[in-house]
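Comments concern the structure below.
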Amino acid sequence: MTALTKSEMAERLFEELGLNKREAKEIVELFFEEIRACLENNEQVKLSGFGNFDLRDKSQRPGRNPKTGEEIPISARRVVTFRPGQKLKARVEAYAGTEPQ
Amino acid sequence: MAANRLVRAWGPMTKSELIEAISARQSQLSTKDVELAVKTILEHMSESLACGGRIEIRGFGSFSLHYREPRRGRNPKTGDTVQLAGKHVPHFKPGKELRERVNLGLQGGL
């Protein structure tokens, strides 16, 4: 199965909702851009039924260059984590396939 | 972006606020149409994951399924051991642009 991308999402908006192709493409683009902008402003995004995009601040920690073994600190950073909602978890859990994604 | 974000209350952005924010940034569609579009996008994504598919959005990230091996669990109420079946869980890996922008937010002191 090929991966779902923005163009298939736009195609569905065209087919199911009758948006024209330009509008459909723009809405899909805005959907992801608004979520990014929000996270960039350090605000969590909660999409009920799907999941939450949370932010975590990580402090500096020791690391290593895996090639040379040299010790280098991993700088403090903010990362995005996704916590799937109950509904999505239940739907995905039911997937019986075991082939690698 | 700044314009519609300013009128929003501080705190997590919900689905309805996301719909409002998208509406404010485009002029052709009604809020009702944007709402339908957002719900259709989320349903498309959920459906794809429920069928074992991946989602790849450049600059945002990718969603895939991770497999959890069957394991012995415990009923926290009774303490009984129960066998739990293997299952799939959704996983998100942020893309480069999202990682960088979120981290710049940190450097910017937000």
Side-chain angles (χ1 to χ4, degrees), chain A residues 1-6 8-9 12-13 16-17 19-20 22-24 26-28 30-55 57 76-84 87-89 91-101, chain B residues 1 5 8 10-15 17-18 21-22 25-26 28-29 33-34 36-38 40-67 86-94 97-99 101-107 110:
Chain A
M1 191 191 305
T2 60
L4 175 60
T5 62
K6 288 191 288 190
E8 278 97 25
M9 294 181 194
R12 181 166 295 193
L13 297 182
E16 278 191 10
L17 305 181
L19 305 196
N20 72 43
R22 189 179 44 77
E23 288 166 345
E26 191 186 345
I27 292 295
V28 171
L30 282 172
F31 173 82
F32 291 106
E33 177 50 28
E34 282 299 321
I35 297 174
R36 268 194 303 247
C38 206
L39 294 169
E40 184 179 11
N41 287 327
N42 198 20
E43 292 172 77
Q44 185 196 22
V45 178
K46 296 170 78 154
L47 303 174
S48 66
F50 187 74
N52 298 350
F53 293 93
D54 297 333
L55 293 152
D57 285 347
R77 62 194 60 201
R78 181 172 289 158
V79 296
V80 177
T81 58
F82 175 69
R83 281 177 60 88
K87 202 169 147 197
L88 179 61
K89 274 204 278 194
R91 284 178 74 174
V92 162
E93 217 169 285
Y95 173 66
T98 50
E99 74 270 22
Q101 297 306 310
Chain B
M1 174 210 83
R5 178 115 317 107
R8 220 168 62 66
W10 182 258
M13 178 183 251
T14 60
K15 198 190 293 174
E17 288 171 327
L18 174 63
I22 296 171
R25 290 193 58 188
Q26 58 82 51
Q28 304 108 37
L29 300 172
D33 285 337
V34 173
L36 272 173
V38 165
T40 303
I41 293 169
L42 288 169
E43 173 54 28
H44 199 179
M45 292 170 74
S46 300
E47 183 188 296
S48 171
L49 291 169
C51 297
R54 279 176 63 83
I55 306 168
E56 285 177 8
I57 311 296
R58 181 163 301 176
F60 185 81
S62 59
F63 296 85
S64 59
L65 300 189
H66 280 186
Y67 182 64
K87 63 174 182 181
H88 287 89
V89 293
H91 176 78
F92 175 66
K93 185 170 184 284
E97 187 193 338
L98 179 60
R99 283 203 310 270
R101 283 174 61 179
V102 160
N103 209 26
L104 279 177
L106 174 68
Q107 312 306 331
L110 275 162

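Order of the sequence lines sets the chain letters (A, B, ...), proteins ahead of strands, with each chain counted from 1. Note that the coordinates shown come from a computational prediction; the quantities given were computed from them, not determined experimentally.
- Counting only heavy atoms from C-beta outward, the side chains of A:Glu26 and B:Arg25 never approach each other to under 4.5 Å.
- To the nearest 0.5 Å, atom CZ of residue A:Phe82 and atom NZ of residue B:Lys93 are 16.0 Å apart.
- For the atom pair CG (B:Asn103) and CD (A:Glu40), the distance works out to 11.0 Å, reported to the nearest 0.5 Å.
- Between B:Ile22 and A:Ile27, some side-chain heavy-atom pair lies under the 4.5 Å cut-off.
- In this structure a side-chain-to-backbone donor-acceptor pair under 3.5 Å is missing from A:Arg36 to B:Glu97.
- Here the CG-CD distance, from A:Leu4 to B:Glu56, works out to 9.5 Å after rounding to the nearest 0.5 Å.
- Between chain A and the residues B:Arg99, B:His44, B:His91, B:Lys87, the largest count of heavy-atom pairs under 4.5 Å involves B:His44.
- Closest of all the heavy-atom pairs between B:Ala21 and A:Glu34 is CB-OE1, 3.5 Å.
- Highest contact tally toward chain A, considering only B:Val89, B:Val34, B:Ile55, is held by B:Ile55 [criterion: heavy-atom pairs under 4.5 Å].
- For the pair B:Ile57 and A:Lys6, the minimum side-chain heavy-atom distance is below 4.5 Å.
- With a 4.5 angstrom heavy-atom cutoff, A:Glu16 touches chain B only via side-chain atoms.
- Proximity to chain B involves both the backbone and the side chain of A:Leu39, based on heavy atoms less than 4.5 angstrom apart.
- Both the backbone and the side chain of B:Pro90 come within less than 4.5 Å of a heavy atom in chain A.
- Distance check: A:Glu8 CD to B:Ser48 OG gives 9.0 Å after rounding to the nearest 0.5 Å.
- Between B:Leu18 and A:Phe31, the closest side-chain pair of non-hydrogen atoms falls below 4.5 Å.
- Atoms CD and CG, from A:Glu33 and B:Leu98 in turn, are 10.0 Å apart once rounded to the nearest 0.5 Å.
- Checked against salt bridge (Lys or Arg N to Asp or Glu O under 4.0 Å), B:Glu47 has the following partners two or more places apart in sequence or in another chain: A:Arg12.
- Proximity to chain A involves both the backbone and the side chain of B:Leu42, based on heavy atoms less than 4.5 angstrom apart.
- Heavy-atom minimum distance, A:Leu19 versus B:Ala37: CD1-CB, 4.5 Å.
- Ranked by heavy-atom pairs under 4.5 Å with chain B, the list A:Phe53, A:Phe32, A:Phe50 is led by A:Phe32.
- Looking only at side-chain heavy atoms (C-beta outward), B:Phe92 and A:Val80 come within less than 4.5 Å of each other.
- When heavy atoms are compared at a cutoff of 4.5 Å, A:Leu13 approaches chain B solely by way of its side chain, counted from C-beta outward.
- Remark: B:Arg101 CZ to A:Asn41 CG distance equals 9.0 Å, nearest 0.5 Å.
- Each of B:Val38, B:Ile41, B:Thr40 was scored for a side chain to side chain contact (heavy atoms under 4.5 Å, CB included) with A:Val28, with one residue passing: B:Ile41.
- The two residues B:Lys15 and A:Ser48 come nearest to each other via the heavy atoms NZ-O, 3.1 Å.
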